Amino acid sequence: MDEKLIKRLLLARVFALRRNDFRYDSLDRPQSVQDDIIQTPEGPRKRRRVVLTAHGCSVATCSMCPLPDEAVDGKIPVTLDHWMSQLRAALDNCPADLHTLTLFHNGNFFADREVPPEWRDEIYRFLRTTPIKEFVVESLPQYLTTERRLVARHGLGPIKLVVAIGLQSSSRLVRELCITSTCTDYTFQEAVQMLKAQGDDVQVFLMFHPPFLTIEESIWDLRESISYVQSLGVTPTICPMRIAPNTVVADLAAKGLYDPPDLWDLYHALQGLTNVRVAASLLPDYGGPVRLAFDALNKTGMLPTLPPSCPHPEPIEPKREVVLAKIERYLKLCPSALQNPGGL
């Protein structure tokens with residue numbers, strides 16, 4: 001197979017595996033509301049993390065991402081009134097010292113087809129009546145235009161805007177082939193520079209152990225990606241891969257072609273690095289000393305030294321022809337993917 005056909009077939013496989021079995025009680029109540037404490041330059045602050053019951057990501061191409069299936073089916077109407085009812089319920093009786101609101105809908109906040117401009121305007125107006133100092137949303141960078149950022153800045157007033165972006169990898173090879181992401185170097189850098197130039201901020205998520213990479217290749221890719229993101233003045237957050245249902249990663253695992261990363265592999269990948277965070281919500285509670293080391297890293301920016309528990313994998317740079325061969329091997333184990341190559 002040539003590369004174009006491999007890409008096309010893999011993307012078709014991503015869509016074919018998706019199954020939206022999302023269940024919810026009401027369109028007037030959010031999926032979840034969670035409170036925690038986050039570390040800021042000013043010290044620990046209270047955060048409320050809200051996931052809305054809403055339509056999700058309209059792009060939905062990523063090979064490992066379950067979020068499009070953790071959203072309301074697109075055939076069911078979800079209105080601005082639903083969003084505002086959920087937001088009011090989530091912030092009802094919120095503490096006066098609530099610092100950060102993280103508002104996710106498992107999609108792209110700045111994509112007009114997911115969150116129309118008038119919806120964003122109403123959200124900004126409502127948030128001005130709350131005590132929050134920081135507003136965090138998620139979006140692919142191609143949707144964050146200068147106009148949308150300026151409207152947000154005017155609407156939010158003194159509230160700081162933070163945009164969470166899933167870059168996943170600085171490698172075009174990894175993003176295009178392993179993750180099937182639509183995020184590009186250009187749109188990512190433009191979004192970061194735009195936000196930071198105007199006093200807003202950005203959170204960048206990087207993935208550890210994408211599909212079709214070995215642990216050694218994943219360590220190389222992660223270290224390169226961290227260096228790139230840090231060069232833009234951003235502290236990246238690392239997300240160790242988890243196997244989510246109805247994804248290519250889950251399909252690979254079922255076929256014996258993928259194992260999730262061990263926490264010690266991530267620890268080895270981060271040894272000697274500073275100013276990086278690990279997504280605590282993706283770590284198991286039973287992680288032992290390495291889990292405690294990641295907690296310390298998130299609080300101090302420094303990873304404690306632990307006694308070695310296993311041989312240290314040596315980083316290896318991924319090669320395009322090797323990754324393509326792995327994808328082709330996987331596709332040949334999926335007869336339905338080869339029988340309908342014109343599905344896109």
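Note that the coordinates shown come from a computational prediction; the quantities given were computed from them, not determined experimentally.
Salt-bridge check for Asp295 with Arg291: passed, with a basic side-chain N closer than 4.0 Å to an acidic carboxylate O. Classification of Lys133 and Glu42 as a salt-bridged pair fails, no side-chain N sitting under 4.0 Å from a carboxylate O. A salt bridge links Glu3 to Arg320: at least one charged side-chain nitrogen sits closer than 4.0 Å to a carboxylate oxygen.
Here the straight-line distance linking atom OG1 of Thr130 with atom CG of Asp92 works out to 12.5 Å at 0.5 Å rounding. Taking CG of Leu222 as the start and OG of Ser171 as the end, the distance is 12.0 Å to the nearest 0.5 Å. Between Trp83 atom CH2 and Thr53 atom OG1 the span is 10.5 Å, to the nearest 0.5 Å.
Between Phe135 and Phe109, the distance from one ring center to the other falls under 6.0 angstrom.
Side-chain atoms of Tyr267 never come within 3.5 Å of backbone atoms of Ala293 as a donor-acceptor pair (strictly under, hydrogens ignored). Under a 3.5 Å cut-off, the side chain of Lys196 and the backbone N or O of Gly233 do form a donor-acceptor pair. At least one donor-acceptor pair closer than 3.5 Å links the side chain of His55 to the backbone N or O of Ile76. For Arg13 (side chain) and Leu331 (main-chain N/O), no donor-acceptor pair under 3.5 Å exists by modelled atom type.
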Legend entry - Derivation of the side-chain contact (heavy atoms from CB on, under 4.5 Å) call for Leu232 and Val204: CA-CA 11 Å; Leu232 300 177; Val204 177; over 6 Å; no
Inset, instruction - Output, in order, the C-alpha distance, side-chain angles, deciding distance and verdict of side-chain contact (heavy atoms from CB on, under 4.5 Å) for Val276 and Leu206. - result: CA-CA 10 Å; Val276 62; Leu206 299 174; over 6 Å; no
Inset, instruction - Walk me through it: do Asp185 and Arg172 pass the test salt bridge (Lys or Arg N to Asp or Glu O under 4.0 Å)? - result: CA-CA 8 Å; Asp185 293 334; Arg172 182 178 172 185; over 6 Å; no
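Under the side chain to side chain contact (heavy atoms under 4.5 Å, CB included) criterion, Pro158 pairs with Arg128, not counting sequence neighbours.
Listed here is the closest heavy atom pair of Leu156 and Tyr124: CD2-CD2, 3.6 Å. Smallest separation of non-hydrogen atoms from Gly107 and Glu138: O-CG, 3.1 Å. When all heavy atoms of Arg153 and Leu161 are compared, the closest pair comes out as NH2-N, 3.6 Å. Taking both residues in full, the closest heavy atoms of Met1 and Ile6 are given as CB-CG1, 3.6 Å, listed atom of the first, atom of the second, then distance. Closest non-hydrogen pair, Pro66 versus Thr247, comes out as N-CG2, 4.2 Å. Of all the heavy atoms in Leu252 and Pro211, the pair that sits closest is CD1-CB, 3.6 Å.
Side-chain contact, Glu114 with Ser58: a donor N or O sits under 3.5 Å from an acceptor N or O. For the residue pair Ser85/His82, the side-chain donor-acceptor check at 3.5 Å is not satisfied.
The side-chain tip of Arg88 points at the ring of Phe126 from less than 6.0 angstrom away and within 45° of straight on.
Heavy-atom contacts from other residues, nucleotides or ligands closer than 6.0 Å to CG of Asp25 number 12 or fewer.
Taking the side chain as every heavy atom from C-beta outward, Gln189 and Tyr228 approach each other to under 4.5 Å. In this structure, Val234 and Gln203 have side chains that are not in contact, with every pair of non-hydrogen atoms separated by 4.5 Å or more.
Test Asp36, Thr100, Thr40 against Arg47 for side-chain hydrogen bond (donor to acceptor under 3.5 Å, both in side chains) and you get one pass: Asp36.
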